[in-house]
Participant: 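Attaching a single structure in structure tokens format; questions to follow.
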Amino acid sequence: MKESGPRAKPKTGPGYLQAMAHRAPSKVTVPVIRGRKGTGRRILALTAYDYPSARLVDEAGFDLILVGDSIANVVLGHASTLKISLDQMISATRAVRRAVDRPLVVSDMPYGSYHLGTQDTLQNALRLVREGGAQAVKLEGGGPRVELVEALVEADIPVMAHLGLLPQAIHPRGGYKLAGRSRKEARKLLQDALDLEAAGAFALVLEGVPSSVAARISQHLQIPTIGIGAGAGCDGQILVFHDVIGLSFGRNPRFARRYANVTDVIREALDNLADDIRSGAFPSPKESYHLKEALPEDWDLGLGQATDEG
Ligand code: KIV
């Protein structure tokens, strides 16, 4: 493949021009995301885990890319996010950073990377920033996580918090559980959200929360909320890239609207390639390299006369 590198992006075409029309002129930073609160301009966020997906998300004018630990499920085929390591997250974050010009790149702190104390959490987050190029990190939960958020922010590592359905907490919670469905739970969510805000989080992901509760939490906070399965009352929305483009298997969750069916496109392309190889239609003469002069009929690659000239 000849063309590569972030600077080699196409500068024409309807996709690019449309993206430019939606673009703010400058790079999206943590204060830019924070400053969206109350402006009515919704935050556009999506996951990406590699160079091509990140590049396309950037070209489409999204503000924030999350290198989510959902890479474990949607790319690596694990049953949960618990399997992904810090080194894998760093490697994915690097690829994403190489691809993007404008969006803020936030990297998920994987399971186990912030569960062993403040010092360990700081060291791991620093690796995501220094080695991966993350501009902020995300971690799941309130309560005991609040002081970790404080410590990270103190260390100049911006934090996006995450409440509601917590994929890393499937064992203690007994599965992928929606949150905030009773008054008591909703109050707890709001309290956690306020505590995380006070600890210095610059934004809050609300996942799998009833829309009325998410909207009310959003009204109470001074930082923006970014919803996934949390209704339209959040300050922004985030989805998983593969769900949006239909490059996943099985049914999408109800909140993950599918905008394309890339799986079918790939299947058709691969079926066609396989047919063409079987029939000999691929490769054609145009897709092959040729000598300037035809080989003589009796040419035997020099096997008959082992000379240096061949
Ligand atoms: O890893 C992930 O995909 C997430 C979601 C909030 C998008 O954390």
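For ligands, and for the atoms within them, numbers begin at 1 and follow the listed sequence.
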Participant: Starting from atom 4 (C) of ligand 1, which protein heavy atom do you reach first, and at what distance in Å?
Facilitator: Leu66 CD2, 3.6 Å
Participant: Can Asn73 and Ser70 be said to form a side-chain hydrogen bond (donor to acceptor under 3.5 Å, both in side chains), step by step?
Facilitator: CA-CA 5 Å; Asn73 313 70; Ser70 50; 5.9 Å; no
Participant: So, Tyr176 versus Glu207: side-chain donor-acceptor pair below 3.5 Å or not?
Facilitator: no
Participant: For the pair Gln237 (side chain) and Gly231 (backbone), establish whether a donor and an acceptor sit closer than 3.5 Å, ignoring hydrogens and angles.
Facilitator: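 Yes, because the side chain of Gln237 sits within donor-acceptor range (under 3.5 Å) of the backbone of Gly231.
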Participant: I need the atoms of ligand 1 closer than 4.0 Å to a non-hydrogen atom of Val240, numbered in the order shown.
Facilitator: 3 (O)
Participant: Run the salt-bridge test on Lys138 and Asp108 with the 4.0 Å N-O cut-off and return the result as yes or no.
Facilitator: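 Between Asp108 and Lys138 there is a salt bridge, with a charged N closer than 4.0 Å to a carboxylate O.
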Participant: So, Arg181 and Glu185, do they make that salt bridge, N to O below 4.0 Å?
Facilitator: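 No, Arg181 and Glu185 are not salt-bridged.
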Participant: Does Glu131, at its CD atom, have more than 12 non-hydrogen atoms belonging to other residues, nucleotides or ligands within less than 6.0 Å?
Facilitator: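 Counting neighbours around CD of Glu131, more than 12 heavy atoms of other residues, nucleotides or ligands fall under 6.0 Å, so yes.
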Participant: Heavy atom under 4.0 Å from ligand 1: found in Thr81's side chain, backbone, both, or neither?
Facilitator: neither
Participant: Salt bridge check, Lys37 against Asp235: does any charged N sit closer than 4.0 Å to a carboxylate O?
Facilitator: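 A salt bridge links Asp235 with Lys37.
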Participant: Which bit of Asp69 is near ligand 1, meaning a heavy atom under 4.0 Å away: side chain, backbone, both or neither?
Facilitator: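 Near ligand 1, Asp69 shows its backbone as well as its side chain.
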Participant: So which protein heavy atom does atom 8 (O) of ligand 1 come closest to, and at what separation?
Facilitator: Lys138 NZ, 2.9 Å
Participant: At a 4.0 Å threshold, what atoms of ligand 1 neighbour a non-hydrogen atom of Gly68?
Facilitator: 1 (O), 2 (C)
Participant: Where does Leu239 meet ligand 1, judged by heavy-atom distances below 4.0 Å: at the side chain, the backbone, both, or neither?
Facilitator: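 The answer is neither.
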Participant: Looking only at protein heavy atoms, identify the closest one to atom 2 (C) of ligand 1 and say how far it is in Å.
Facilitator: Ser70 OG, 3.2 Å
Participant: Any non-hydrogen side-chain atom of Ile90 less than 4.5 Å from a side-chain atom of Leu128?
Facilitator: yes
Participant: Report yes or no: does Glu140 have a heavy atom closer than 4.0 Å to ligand 1?
Facilitator: no
Participant: Heavy-atom contacts with Thr47 under 4.0 Å: which atoms of ligand 1 show up? List them by number with element.
Facilitator: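 Here the atoms of ligand 1 in question are 3 (O), 7 (C).
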Participant: Return a yes/no value for Tyr49: is any of its N or O atoms, backbone included, closer than 3.5 angstrom to an N or O of ligand 1?
Facilitator: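 Such a contact does not occur with ligand 1.
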